Amino acid sequence: MTVLLEARDLARVYQILRGLFVEPTMLRAVDGVSLTVEAGETLGIVGESGCGKSTLGRMLLGIDPADEGAVRFDGDAMPGLGSKDWRQSRRKMQLVYQDPLAALDRRLPIAEQIGEPLDIHGLADGADRAARIWSLMDAVGLDAEQADRYPHQLSGGQRQRVVIARALASEPKLIVCDEPVSALDVSIQAQVVNLLRDLQQDTGIAMVFISHDLKVVRNIADRVAVMYLGRIVEEASSDDVFRDPRHPYTQALVSSVPEPGKPLAHRTILQGEPPNPGNRPSGCAFHPRCPLVREICRTTAPSLTSIAHGRQVACHVAGACLHAA
Amino acid sequence: MSISHTLASPATDAKSVRRSRSRLPMSVGLGIAWLGAMVLVAAFADQIRPFDITTMDLAHRLAPPGGLKHLLGTDELGRDVLTRLIQSIRVSLVIAFGATLLSATFGTLLGFAAAQFRGVVEHLILVLADFQAALPFLIMSLAVLAFFGSSMLLLVCLMGFYGWERYARIARGLAISAGTQGYAAAVVQLGATPGRVYLRHILPNVASTLIVSMTLTFPEIILMESGLSFLGLGVQPPETSLGNMVGFGREYLTRAPWIMLAPAVVIMLTTLSISLVGDWLRDKLDPTIR
C-alpha cells in the first residue's frame with residue numbers, strides 16, 4: 001500500500017480574545033496530530049462535538065492552513081491556500097459537506113453543478129462533458145430526468161448524492177467526508193453510507209470519514225482514529241477498536257452504542273463536564289472524566305504509543321495494562 | 001373514484017399555481033409598457049417632439065393644455081410643454097439610468113473586493129462607505145459642481161457616486177456569508193478562481209437584493225438631480241430635465257399648474273414602474289420561488 005496523505009504534528013491554534021487588555025487565550029483546536037491515509041483505504045475519525053475533527057479534516061485538505069506541522073499529499077507538500085497550485089491540487093482531493101443544501105448553489109440546476117469541476121479543471125467539454133455528468137449521476141443513483149432540477153426541488157438524500165457526484169467528478173484520489181450523513185434521516189443515512197462504500201470499492205478512492213456516529217464509522221471505515229480535545233487518543237483498525245477498545249474514552253464511546261438484545265446496564269457512562277478546548281486539563285486531557293485515573297495522568301500527558309501492530313493508544317493506564325499482561 | 005380524485009388534485013393544483021405564476025400581473029405589464037414608452041421617447045426625442053425646445057410662442061404664453069397647437073400647454077415664455085417634457089425625459093433617464101448602473105457596478109465591485117481581500121482593503125472600503133453615508137450628498141455635489149461647472153458627463157458621474165455605499169455593504173455582507181460557509185466555499189474548494197466564484201455564483205445569488213436596491217436608488221437619483229437643477233447647479237437652462245421643469249414650474253403653480261404637473265406625473269409613473277418591474281424581476285430571477 002502506498003501512503004497517499006501524510007500529516008505530521010498538525011496543529012491549529014485559535015486566539016480567543018477575552019477583552020482589550022486581557023491576554024488572549026490560545027485554543028489549540030487540533031494539537032499535534034499525525035496520521036497517514038493509504039491509497040484506497042477509509043480512515044474514520046470519531047470524537048464528540050468540538051474535539052477538532054472537522055478542523056482536522058479541513059487541514060488535511062489544505063482548506064485550513066496548519067499553524068504547526070505539515071501535510072504531504074502524494075509525496076508533495078500542500079501548496080499555500082488560494083494559490084494557483086492549490087487550486088489545481090483540488091482536482092485530486094475533494095470535500096463532502098455536512099449540509100448539502102448549503103453546499104449547493106440554489107440558482108444552478110444540479111447537472112451544471114456536478115459538471116463544474118470538469119469546467120474548472122478543463123477536463124471535458126461538449127458531448128464528453130454531458131456523458132461524464134450523466135454517468136456520475138447514474139453512479140450516485142440520480143435519475144437523468146433530475147438533471148434540470150434545482151437543489152431545493154430534491155430531497156436531502158438526493159442533494160447529498162449531488163454533492164458526492166460533484167466531489168467525484170474530477171476523479172480525485174482522496175475525499176474527506178465531513179459528517180456527510182448527520183443531517184439526513186436515519187433511513188437515508190444507510191443509503192448514502194452504502195453508496196459511499198460502493199463507490200469506494202468501484203473507484204479505489206481513499207476516504208477520510210469524519211463522524212460522531214460510531215455505527216456509521218464502523219460500517220464504512222477500515223481504520224479508526226478516536227479524537228479527544230484535538231488529539232488522537234487511539235488509532236487502530238476498525239475491528240479492533242470496536243471489538244477491543246483500549247483507551248477508556250474509546251471504551252465509553254463504544255459502550256454508548258446501543259445494541260439490540262443487550263441490556264444497557266453495563267454501559268460506561270462518563271462523569272464530569274464535557275471538555276472545553278479553551279481550558280485544557282493538565283496532563284492527560286481526559287483525566288477529569290476517566291474512570292481509571294491515576295496520579296501520573298494529572299501531571300503528564302501520555303503520548304501516542306504503539307501497543308501492537310497497527311494499534312496506537314495514548315494512555316498511561318491502557319499501555320501499562322498491556323505491558324503487564 | 002375518490003382515490004383517483006385525491007391523486008389527481010395535487011397535480012392539477014400545482015399546474016394551476018404554475019400557470020398563475022407564469023402569467024404577467026397587469027400592474028407589471030403596465031409598468032413594462034410605460035418604461036418601454038419612456039425609453040422610446042428618450043431614444044427618438046429629436047424626431048417626435050413637435051417644436052424646438054427653445055422655440056417661443058409669445059402670443060400663447062401660459063396656454064392651458066388641450067389646445068391643438070400645444071397639446072400640454074405652454075410655459076411662461078410660450079415654450080411648448082410637451083416638447084420640453086420629451087427632452088426632459090431623455091435627459092433625466094440618461095442621468096438616472098447611467099448613474100444607477102454606475103453606482104451599482106462601483107459599489108458591488110468594492111463590496112466584493114472587501115469580501116475577497118479582507119484586512120486592510122476591507123477596512124479602507126468600509127471607512128469610505130461610512131464617509132459617504134455620513135456626508136450629506138447634496139452638499140458634496142454642490143461643491144463639486146460649483147468647482148468644475150456643470151456638464152452632462154460630470155453630472156452622471158457624480159450621481160453615480162450616489163448610494164454606492166449601500167451596494168458595497170450589501171455585496172460585502174452577502175459575499176462573506178456565502179464564502180465562509182456554503183456554496184461559495186464549496187466552489188472555492190473545487191478549485192475555482194475568485195473570478196469564477198464571484199461572477200458565476202455569488203453575483204447571481206445576490207443579484208435579487210441588488211436589484212431591489214437599484215429600484216430604490218433610481219427614484220432617489222431623479223429626485224437628487226431635481227434638487228440640484230432646482231438649485232441651479234444641475235442641468236443648465238435652456239437644456240431641461242424633469243426636476244428642472246418641476247423647479248421652474250413651481251412659480252406658476254397656481255396660475256399654470258400643468259408646467260409642473262406634467263413632469264411630476266412622469267417622475268411618479270416612472271419610479272412606480274421601476275419599483276413594480278424590479279420587484280417582479282427579483283421574484284422571476286429566483287428559481288426557488290418559481
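Order of the sequence lines sets the chain letters (A, B, ...), proteins ahead of strands, with each chain counted from 1. These figures come from a predicted structure and were not determined experimentally.
Around OH of Tyr14(A), the count of heavy atoms belonging to other residues, nucleotides or ligands within 6.0 Å exceeds 12. More than 12 heavy atoms of other residues, nucleotides or ligands lie within 6.0 Å of CH2 in Trp34(B), so this atom counts as buried by the packing criterion.
If you measure heavy-atom distances from Leu101(A) to chain B, you find no contacts under 4.5 Å at all.
Atom-to-atom distance recorded for Tyr183(B):OH and Gln113(A):CD is 11.0 Å, nearest 0.5 angstrom.
Scanning residues 192-212 of chain B against chain A with a 4.5 Å heavy-atom cutoff picks out Ala192(B), Thr193(B), Pro194(B), Arg196(B), Arg200(B), His201(B), Pro204(B), Asn205(B), Ser208(B), ordered by number. Along residues 77-96 of chain A, the residues that come nearer than 4.5 angstrom to chain B, judged on non-hydrogen atoms, are Trp86(A), Arg87(A), Arg90(A), Met93(A), Gln94(A), Leu95(A) in order of number.
With sequence neighbours left out, Glu171(A) forms a side-chain hydrogen bond (donor to acceptor under 3.5 Å, both in side chains) with no residue at all.
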Output a table of donor-acceptor pairs, distance under 3.5 Å, between side-chain atoms of residues 123-133 of chain A and any protein atom two or more places apart or on a different chain; print 'none' if there are none.
residue, atom, partner, partner atom, Å
Arg129(A), NE, Asp119(A), OD1, 2.7
Arg129(A), NH2, Asp119(A), OD2, 3.1
Arg132(A), NH2, Ala169(A), O, 3.4

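Annotation for Ala103(A) and Ala186(B): closest pair O-CB, 3.4 Å, computed over non-hydrogen atoms. When all heavy atoms of Leu190(B) and Pro117(A) are compared, the closest pair comes out as CD2-CG, 3.8 Å.
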